[in-house]
Amino acid sequence: FEVTLVDISEEVLKKAVDSISWSLGKFAEKKTIRDEDAKAALVRIKTDVDLEAAVADADLVVEAVPEKIELKKNIFKRLNGAAPAHAILASNTSSLSITEMASQTDRPDKVIGMHFFSPPVLMTLVEVVRGEGTSDETTDAIVELVKKLGKTPVVVRKDVRGFIVNRVLGAIMNEAFSVVEKGEATIEEVDAAVKYKAGFPLGAFELADMVGLDIMYEVGKIMENAYDNVAKSSPMLKKLVQDGNLGQKSGKGFYDWKVGRPRISFRLAGKFDVNRLYAIATNEAARLINEDVAGPEDIDLAMKLGTGWPTGPCERSDKLGLDVLLGKLKELHAKYGEEMYEPSPLLEEYVKNGWTGKASGRGFYQYG
């Protein structure tokens, strides 16, 4: 595709193109792509600091400015006036409202979320997020485009904060932070259980440091504003951000990255009950299904592709037993009285019906 990259200065654009050139060079070096294809790709990228001029002939615009809703709304207002009437306007937001951005345009049917995962050159998932006014035609066009890019689209049917991946992941991260804040386990004990017992590629705190604690905190505030006590943001995370400890990029976060990547001992893996995190993930998945945001297949696919989980939360829950995980939620709710542990009505209904998972023949999925 012929593309134009827009940013606020020529200096920023030069750095961006240099970065893309380096990345393509690495792929060519490893024989992932041919050298001539890398060079041809660079030729297809133009740059511009004039947003209005750059989008004048565009068929699709993908906005990727920082996660600030007022900034995004302003961009969409400008895009609406400058892009052709047929152009689709997409946002790469990870959690903000597509509907709110669309409200700044006279084409809400052509506004959609196109949430790429980082690093987008390697990650295959794209959450395709429908706003309240997004048309089927626009959704279908973006789904087809994502496939042409060699990626996997997962349609988020409702414009909820955090979409699929950040809803489930955010709930788990909040629980991990809460466990440490309550003094029930150490950072290393939680991460050891997550890596070595659950089989996730990274520990919860290790992942937070790699994503960037400032980003985690900003997304956490968006989620708290949307879901209140169900998604309370972490005081521990806030303190680290205020102190400038932003994770790997600043050299220190939950771990000290100046001494290298954290060495998390396998011996600590049995110190924390990882079913506690599975119960939270199960509950959030059930809420998403209950709200008709996505079905179990799409939730599992999104979590596996977006976070590298070995199995999706619905698959895993069916294997462990929905009754077991519901029992864990009720135990936590009775102990702490916090809304985040309140079981989803859908989960309670499934267990009441005897749909406890694979062993019973039905849970989130039906089994032959």
What one should report as the nearest heavy-atom pair of A176 and V190 is CB-CG1, 4.1 Å
Just to verify, what does [X] make a side chain to side chain donor-acceptor pair (under 3.5 Å) with, not counting sequence neighbours?
X: D37; answer: R34
X: K358; answer: none
X: N353; answer: none
X: T105; answer: none

K68: salt bridge (Lys or Arg N to Asp or Glu O under 4.0 Å) partners, not counting sequence neighbours =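 With sequence neighbours excluded, K68 shows a salt bridge (Lys or Arg N to Asp or Glu O under 4.0 Å) to no residue whatsoever.
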Those residues at least two apart in sequence (or on a different chain) that pass ring pair (Phe, Tyr, Trp, His ring centres under 6.0 Å) with Y278 are none
Under the ring pair (Phe, Tyr, Trp, His ring centres under 6.0 Å) test, residues paired with Y365 that sit two or more places apart | none
For residues 16-25, please give each side-chain donor-acceptor pair under 3.5 Å, one per line with the distance, not counting sequence neighbours.
{"from": "D18", "atom 1": "OD2", "to": "K14", "atom 2": "NZ", "distance (Å)": "2.9"}

Can you name the side-chain contact (heavy atoms from CB on, under 4.5 Å) partners of D35, sequence neighbours left out?
->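 Only A28, K39 meet the side-chain contact (heavy atoms from CB on, under 4.5 Å) criterion with D35.
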Which residues satisfy the side-chain contact (heavy atoms from CB on, under 4.5 Å) test with D323, sequence neighbours excluded?
-> V351, T356
So which pairs with a foot in residues 71-106 pass ring pair (Phe, Tyr, Trp, His ring centres under 6.0 Å), sequence neighbours left out?
-> none
Less than 3.5 Å apart, which donor and acceptor atoms pair up between the side chains of residues 209-222 and the rest of the protein, not counting sequence neighbours?
{"from": "D209", "atom 1": "OD1", "to": "F254", "atom 2": "N", "distance (Å)": "2.9"}
{"from": "D209", "atom 1": "OD2", "to": "F254", "atom 2": "N", "distance (Å)": "3.2"}
{"from": "D209", "atom 1": "OD2", "to": "Y255", "atom 2": "N", "distance (Å)": "2.9"}
{"from": "D209", "atom 1": "OD2", "to": "W257", "atom 2": "NE1", "distance (Å)": "2.8"}
{"from": "D214", "atom 1": "OD1", "to": "K249", "atom 2": "NZ", "distance (Å)": "2.9"}
{"from": "D214", "atom 1": "OD2", "to": "K249", "atom 2": "NZ", "distance (Å)": "3.1"}

